Amino acid sequence: MTTAAPTVLIVDDEIDMRLLVRVVLTSAKNGIEVVAEAVDGDHAVEVFGNLDVPVVPDVVILDNRMPGRLGIEVAAEMRAASPEQHIILFSAYLTPELEAEAKALGIDACVSKTDVETLPDLVVELARRP
């Protein structure tokens, strides 16, 4: 559980979406800090592996449909490396099957890209969990 401002890694192949998520998170007035961004699954794994205490993110916001690997595959790799990592699968293409797969992997939440405004409260909630 974090007592400092929640920290986030944003992973999305669309620069406009990364910017939107960053603005929504940082303008929410709850102290969320974006510590890194990644442009696809491979880059996310590289960035995540290179982040070190104290900048390991409390929460990873991870797009699913990206060039190369799917976000769900990246989430599985991140969870294997760091079982306590909080992950939000953030996708415009959520299906019941994808949500079930995400739940089975231990992903904390699935959020539709149309619900971007819900991210700040969810990030704060997840960052408070052990």
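Computed from a predicted structure; not experimentally measured.
- A donor-acceptor pair under 3.5 Å links the side-chain atoms of Asp40 to the main chain of His43, judged by distance alone.
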Result block: side-chain N/O donor-acceptor pairs under 3.5 angstrom for residues 24-31, not counting sequence neighbours:
from  : atom 1 : to    : atom 2 : distance (Å)
Thr26 : OG1    : Arg22 : O      : 2.8
Ser27 : OG     : Val23 : O      : 2.6

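- No donor-acceptor pair under 3.5 Å is formed between the side chain of His86 and the backbone N or O of Asp58.
- In this structure, the separation between CG on Asn64 and CE on Met66 is 7.0 Å, given to the nearest 0.5 Å.
- Within the structure, side-chain hydrogen bond (donor to acceptor under 3.5 Å, both in side chains) contacts touching residues 73-84 (residues at least two apart or in different chains) are Arg69-Glu77.
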- Message: Before you tell me yes or no, could you show the steps for Thr95 and Glu99 under side-chain contact (heavy atoms from CB on, under 4.5 Å), namely the whole-Å CA-CA distance, both residues' side-chain angles and the distance that decides it to 0.1 Å?
- Response: CA-CA 6 Å; Thr95 64; Glu99 291 185 66; over 6 Å; no
- Output, in order, the C-alpha distance, side-chain angles, deciding distance and verdict of side-chain contact (heavy atoms from CB on, under 4.5 Å) for Val8 and Leu119. CA-CA 11 Å; Val8 175; Leu119 289 175; over 6 Å; no
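- Nearest heavy-atom pair, Ala36 versus Val47, reported as atom, atom and distance to 0.1 Å: CB-CG1, 3.6 Å.
- A donor-acceptor pair under 3.5 Å is absent between the side-chain atoms of Asp12 and the main chain of Arg18, judged by distance alone.
- The nearest pair of heavy atoms linking Ala38 to Leu9 is N-CD1, 4.3 Å.
- Scored by the side chain to side chain contact (heavy atoms under 4.5 Å, CB included) test, Ala76 finds Leu105 as partners (sequence neighbours excluded).
- Leu62 CG to Gln85 CD: the interatomic distance, rounded to the nearest 0.5 Å, is 10.5 Å.
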- Message: Leu70 vs Val74, test: side-chain contact (heavy atoms from CB on, under 4.5 Å). Steps then yes/no.
- Response: CA-CA 7 Å; Leu70 293 173; Val74 174; over 6 Å; no
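- In the hydrophobic clustering of this structure, Val59 groups with Val116; members are Ile, Leu, Val, Met, Phe, Trp, Tyr whose side-chain heavy atoms approach within less than 4.5 Å, directly or through other members.
- Transitive grouping of hydrophobic side chains (ILVMFWY, heavy atoms separated by less than 4.5 Å) brings Val124 and Val34 into a common cluster.
- Cluster annotation: Leu122 is not connected to Val60 through the hydrophobic network of ILVMFWY side chains, with a link wherever side-chain heavy atoms come within less than 4.5 Å.
- In this structure a side-chain-to-backbone donor-acceptor pair under 3.5 Å is missing from Asp13 to Val39.
- Within the 4.5 Å cutoff, no side-chain heavy atoms of Asp63 are placed close to those of Ile10.
- For the side-chain contact (heavy atoms from CB on, under 4.5 Å) with Val123, the qualifying choice from Thr118, Thr7, Ile61 is Ile61, the only one to do so.
- Atom-to-atom distance recorded for Cys110:SG and Leu89:CG is 5.0 Å, nearest 0.5 angstrom.
- Between the Asn50 side chain and the Glu46 main chain, a donor and an acceptor come within less than 3.5 Å of each other.
- When every heavy atom of Phe90 is checked against every heavy atom of Ser112, the shortest pair comes out as CE1-O, 3.6 Å.
- Atom CG of residue Leu19 and atom CD of residue Glu14 lie 12.5 Å apart, to the nearest 0.5 angstrom.
- The two residues Ile87 and Asp108 come nearest to each other via the heavy atoms N-OD2, 2.8 Å.
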- Item | Full working for side-chain contact (heavy atoms from CB on, under 4.5 Å) between Leu126 and Ile88 | CA-CA 9 Å; Leu126 292 175; Ile88 299 170; 3.6 Å; yes
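- Atom CZ of Arg65 and atom CG of Leu98 lie 9.0 Å apart (nearest 0.5 Å).
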